[in-house]
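Hydrogens, waters and symmetry mates play no part in the numbers below; they use all other heavy atoms, side chains included.
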Amino acid sequence: MIKPDPDSCHLLLDSRLANEEVQKNPYTYNNIREVLSDGALNAATVEHPVTVYIAPGIYWLEDPQSEAVIVREDPKDLYPYGCKVNCANLKLVGLSENPEDVVIAANRGNDHGAKGNYTLFHFPGNNWRWKT
């Protein structure tokens, strides 16, 4: 397993961390929506992509008990989605030999909690990678 040393281009997402631990390091997160926000990812360039290291765990994009119905944010969007990630040059790396140890989840589906075919992410940027 990779032991990341968090900095502006190497962010750590670990759901097991307490809020107090996260507040000690501006590059450490325990919430997937916060690490994938525009502010957290603004250091990304072609020469220096931002890498988000994801510790084993289940990361909910929203409250799984929510009864809200998700709709398209923009009429030009094809589908409703859980999270829009505005970052080119992004790499997501699971910190486990087993890809099943890192789960990104939502309690939605086609016309189940969403108006239309729900998609977890919308990545409008380019040059992003997922590695397990």
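Nearest heavy atoms, Ala114 versus Gly109: CB-O, 3.9 Å. Between Ala55 and Arg16, the shortest heavy-atom contact is CB-NH2, 3.4 Å. In terms of heavy-atom proximity, Leu36 sits nearest to Phe121 at CD1-CE2, 3.6 Å. Residue Tyr81 comes nearest to Glu73 through the heavy atom pair OH-OE1, 3.3 Å, listed as atom of the first residue, atom of the second, then distance. Gly82 and Tyr118 make their closest contact through CA-OH, 3.0 Å (heavy atoms, listed as atom of the first residue, atom of the second, distance). Across all their heavy atoms, Leu90 and Phe123 have their closest contact at CD2-CE2, 4.1 Å.
Val103 and Ile32 are assigned to two separate hydrophobic clusters, defined by single-linkage of ILVMFWY side chains at heavy-atom distances under 4.5 Å. By the criterion of side-chain heavy atoms lying less than 4.5 angstrom apart, applied directly or through intervening Ile, Leu, Val, Met, Phe, Trp or Tyr residues, Leu120 is grouped together with Ile70 in one hydrophobic cluster.
Taking a 6.0 Å sphere around NZ of Lys115, one finds it holds 12 or fewer heavy atoms contributed by other residues, nucleotides or ligands. The number of heavy-atom neighbours closer than 6.0 Å to CD1 of Ile58, taken from other residues, nucleotides and ligands shown, is 12 or below.
When Val50, Val52, Val85 are each tested for a side-chain contact (heavy atoms from CB on, under 4.5 Å) with Leu92, only one passes: Val52.
The backbone N or O of Ser15 sits less than 3.5 Å from a side-chain atom of Tyr59, completing a donor-acceptor pair. The backbone N or O of Gly116 sits less than 3.5 Å from a side-chain atom of Asp111, completing a donor-acceptor pair.
Not counting sequence neighbours, the partners of Tyr79 by the side chain to side chain contact (heavy atoms under 4.5 Å, CB included) test are Asn117, Thr119. In this structure Asp101 satisfies the side chain to side chain donor-acceptor pair (under 3.5 Å) test together with Ser96, sequence neighbours excluded.
Put simply, the side chain of Asp14 does not reach to within 4.5 Å of the side chain of Tyr53, judged on heavy atoms.
His122 contributes atom NE2, which lies 7.5 Å from atom CG of Asn86 (distance to the nearest 0.5 angstrom). Atoms NZ and CG, on Lys24 and Leu17 in that order, are 10.5 Å from each other to the nearest 0.5 Å. Rounding to the nearest 0.5 Å gives a distance of 8.0 Å between CG of Asn31 and CZ of Arg33.
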